[in-house]
Protein chains: 2
Amino acid sequence: MLIKIMQNVLAENAKMAGEIRDLLKQKKILMINLISSPGSGKTSLLEKTLPFLKAKYRVAVIEGDVETDKDAKRLENSNVPIALINTSGACHLESVSIEKAFSVLDLDNLDIIFVENVGNLVCPAEFDIGEDMKVALVSTPEGDDKPSKYPLLFREASLAILNKIDLLQHVDFNLNNFSADVQELNPNLSIIKMSCRTGEGLQDWFNWLETKIASKQRVMKN
Amino acid sequence: MLIKIMQNVLAENAKMAGEIRDLLKQKKILMINLISSPGSGKTSLLEKTLPFLKAKYRVAVIEGDVETDKDAKRLENSNVPIALINTSGACHLESVSIEKAFSVLDLDNLDIIFVENVGNLVCPAEFDIGEDMKVALVSTPEGDDKPSKYPLLFREASLAILNKIDLLQHVDFNLNNFSADVQELNPNLSIIKMSCRTGEGLQDWFNWLETKIASKQRVMKN
């Protein structure tokens, strides 16, 4: 019976995700679903990304957190609209959370929305929230086995970011094993090596985002 | 309706957890539920702990993983019984997983069972699996804000291990903030600073475990 309930939950979630995706297409907004373990650097990445992007684009953030506003507060200085969703104990965001967040965002004046999902490699990969693409973020101290241990995320992702590359010499992380596992799970998945601390890789990420924003807006103009 | 279903799931889980706890009491087995983010070092900790403990005690491991046997394989060299539970996409272990694992372990010949839960700070803290105590493991690269962002685990835990202390000088981690947050959430929670790489803190952990094993066995002899 529980499996049936879970199937119903996922089916309802997928239906609403489809509606969200249609709305984003109509409004020409790119939505990126950022997924990682706790402490891999999702918020740090946004701290670096928002100031760069907002000079050219209209940006907002949907901040998913179990129960605090700590990450939202870290992003306040960026002066972009932030919709905070507390999941009250749930380990992932669902489409219904995104619908709620949309009610406080001005969708007629946005080019891109970042969703910072709850820090977790499992369930956030299972729940479609209507995003254009998922970005998987992992960091070197977590070890090179994360893709093979949490394969769904890497199959679903459109980009993998390997953060904390500045710590590579201090941790047990085999870059070749990591790349080979990613390649096996998802042959088209690019990896950007990054350090939010030193700035390495940020420009590649900005370029990737700009291409995706342009592509979304171009499709709509046709 | 979903809330009611979740309440039922938790109630059924808690009932079975109670039965597991009774059985462990009767068999004089200490069961430790290890909870952390992906990549904080649960398996590394067990790799260091099993060789030490098994010289004196009868040890087994219940290994929870989403879908692979990677961690179980890393522990094979330890030559202790390992029961692997694949959760097939679920982000945490439940009591029913422990009951299944018990069916392949010889409970009449064990002093201590380690449960390596699925790498996740949220749901594993919410599901009682009949353990004697939860041990929360965090690592310095994850940042000092983890206790305040995932408070339930730190309220529930009987010990916090701060791993990868050897990386402290390379990461943004304020030890005073971390300790103060832990203290506020759970004034009785001890913190062991550890590096599974260098061995720092391992002896404190072994001492803690030996005290708990002795205490469990003593209670039963009275």
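Worth knowing before you read on, the calculation uses all heavy atoms, side chains too, and leaves out hydrogens, waters and symmetry mates. Letters A, B, ... are given to chains in the order of the sequence lines, protein chains preceding strands, and every chain is numbered from 1.
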Under a 4.5 Å heavy-atom cutoff, which of [options] has the most pairs with chain B?
| options | answer |
| --- | --- |
| A:Ser36, A:Ser40, A:Pro151 | A:Pro151 |
| A:Glu142, A:Glu126, A:Glu67 | A:Glu142 |
| A:Leu152, A:Thr87, A:Asp65 | A:Asp65 |

Is [X] in contact with chain B via its backbone, its side chain, both, or neither, using a 4.5 Å heavy-atom distance?
| X | value |
| --- | --- |
| A:Lys146 | side chain |
| A:Ala125 | neither |
| A:Val171 | both |
| A:Ser139 | neither |

Contacting moiety of B:Lys149, where chain A heavy atoms sit under 4.5 Å
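Both backbone and side chain.
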Which bit of B:Asp71 is near chain A, if near means a heavy-atom gap under 4.5 Å: side chain, backbone, both or neither?
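Answer is side chain: those atoms of B:Asp71 sit under 4.5 Å from chain A.
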For A:Trp205 and A:Phe114, take the angle between the two ring planes, folded into 0 to 90°, and tell me which bin it lands in: parallel under 30, tilted 30 to 60, perpendicular over 60.
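Aromatic pair A:Trp205/A:Phe114 classed tilted.
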Side-chain donor-acceptor pair under 3.5 Å between [X] and [Y], yes or no?
| X | Y | answer |
| --- | --- | --- |
| A:Asn8 | A:Glu12 | no |
| A:Arg197 | A:Ser44 | no |
| B:Ser95 | B:Asn13 | yes |
| B:Thr43 | B:Glu116 | yes |
| A:Ser148 | B:Lys70 | yes |

Select, from B:Cys123, B:Ser37, B:Gly119, the one with the greatest count of heavy-atom pairs under 4.5 Å involving chain A.
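Maximum pair count with chain A is reached by B:Ser37.
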Find the one option among B:Pro38, B:Pro141, B:Gly41 whose heavy-atom pairs under 4.5 Å with chain A are most numerous.
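Max contact count across the listed options: B:Pro38.
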Side-chain heavy-atom pair A:Met194, A:Glu200 within 4.5 angstrom cut-off:
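A side-chain contact is absent here, since even the closest heavy-atom pair is not under 4.5 Å.
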Ion pair check, A:Arg21 and A:Asp132, cut-off under 4.0 Å
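No.
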